[in-house]
Number of protein chains: 2
Amino acid sequence: MTDSAVSRGRGGDKRRRLTAAAARVLHEQGVERTTIADIAKAADVPVGNVYYYFKTKDDLVQAALAEHTHHLAELTGDLDRLPDPRDRLRSLVAAWVGQREVAARYGCPTGTLAVELDKRADGTLDREAGRAIRQLLDWAGAQFRELGLSDPDDLALTLVAGYQGMSLLANALRDPDIMIREGARLTRWLDSLAPAGR
Amino acid sequence: MTDSAVSRGRGGDKRRRLTAAAARVLHEQGVERTTIADIAKAADVPVGNVYYYFKTKDDLVQAALAEHTHHLAELTGDLDRLPDPRDRLRSLVAAWVGQREVAARYGCPTGTLAVELDKRADGTLDREAGRAIRQLLDWAGAQFRELGLSDPDDLALTLVAGYQGMSLLANALRDPDIMIREGARLTRWLDSLAPAGR
DNA sequence: GTCTATAAGTTGATAGAC
DNA sequence: GTCTATCAACTTATAGAC
């Protein structure tokens, strides 16, 4: 193993480690309660060194947001392999329910981040989380459209709103079973949808 | 007018002014981004004087939370005057839609507060917002029960989750129309519910 | 009871050694 | 490229004058 390989293997991935740590810690603690030191510690990187990779704290928040959207893109990419759009949507709901323990403790990563960033009055990152949610809406809308259902965008809105609502309640009440109950309802709802008229 | 009346009229309601200001400002800016000075300024009370009425910042947060639950209790109290439980629920949805501009900018007061407080690892106020939400769940459950529907608590969960979901999406996408679209869907859903078969 | 001044502690960010 | 030491700003909370 060469020196450069060691350097890459040990220290060269610090940016990646910081991004992953930011995604996790910001989800768990929220943006405002998380300090740069918290993220640096979680990533095992010296505090002052963070600023070599990210000029500001907001840059770290943005990187965490990008990490979550990347994660979502991977998930929908996998689901796209399923031939039936309805199965893709059902599997999406199943994936949400599978994350119920995390959701009950910390909520939906994107949803809770959006709530927090939306409180900002300055025009910095207050709209960024909305784009991540729109990505999910667009994908779900495409599935409903492929199923030949009318008002596919309305259906996507209902599906995603259902997910955000059950995540928030599961979190606020600290009860993962809420994800199971509401997830089952969403699945029944998906099964009941049929193309309009005759 | 006596001196004491003046004193009550001008300065004696400072605690009330602080509570009202806290409820509004904490909803708009979030807990962590709001300083005591922000609340004091909004209430027109000198900064250092706040600590005479509230020992800590968390006491102010708790007072704001109580203000929101009080507001909710007033609303459901008014709705209780309607003879038909289904009308009560329909009016509740209408009230939510009526608040769509505020929801699109700042989200549901209780829901967004819950999201933020749930991020706390210390056992201070992290469960307090959940109690406020459970109050709404209980009231809605009672209405569904009075309608003779089966699984009234599940229905209440679906209703409140629908509200929280549409508020979060309207907020994240800055689009009050989402409240109208999803509100109409919830109303149709309420209309469609019928007691389980004979 | 009301308010001013300030203490005590924390955080984001930078300068500069290595 | 990496890290230590430190600054400057901000925030909660208190002490004490009025």
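Below, each value reflects all heavy atoms present in this structure, side chains not excepted, and no hydrogens, waters or symmetry copies. Here is the naming used below: chain letters follow the sequence lines, and residue numbers restart at 1 for every chain.
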Let me know the distance between [atom1] of [X] and [atom2] of [N], rounded to the nearest Å.
X: N49(B); N: dT12(D); atom1: CG; atom2: C1'; value: 16 Å
X: L18(B); N: dT2(C); atom1: CG; atom2: C1'; value: 13 Å
X: K41(B); N: dC3(C); atom1: NZ; atom2: P; value: 17 Å
X: R15(A); N: dT2(D); atom1: CZ; atom2: P; value: 12 Å
X: Y52(B); N: dA17(D); atom1: OH; atom2: P; value: 18 Å
X: Y53(B); N: dT12(D); atom1: OH; atom2: C1'; value: 19 Å

Within-4.5 Å side-chain heavy-atom neighbours: D138(B) and Q135(B):
no
Can you tell me which residue among L26(A), L117(A), L125(A) is in a side-chain contact (heavy atoms from CB on, under 4.5 Å) with L65(A)?
L117(A)
Nearest-nucleotide pick for K14(B), side chain only, options being dT4(D), dT2(D), dT2(C)
dT2(C)
Backbone N or O of A104(A) within a donor-acceptor pair of the N171(A) side chain at under 3.5 Å?
yes
Strictly below 4.0 Å, N to O, side chains only: are E116(B) and K119(A) in salt-bridge contact?
no
Identified side-chain hydrogen bond (donor to acceptor under 3.5 Å, both in side chains) partner of R120(A) from the options D118(A), T124(A), D122(A):
T124(A)
Pairs under 3.5 Å (N/O, protein and nucleotides 11-14 of chain C):
unit_1, atom_1, unit_2, atom_2, d
dG12(C), OP1, K57(A), NZ, 3.1
dG12(C), OP2, I36(A), N, 3.0
dA13(C), OP2, K57(A), N, 2.9
dA13(C), N7, Y51(A), OH, 3.4

For D58(B) and T56(B), does a side-chain donor sit closer than 3.5 Å to a side-chain acceptor?
no
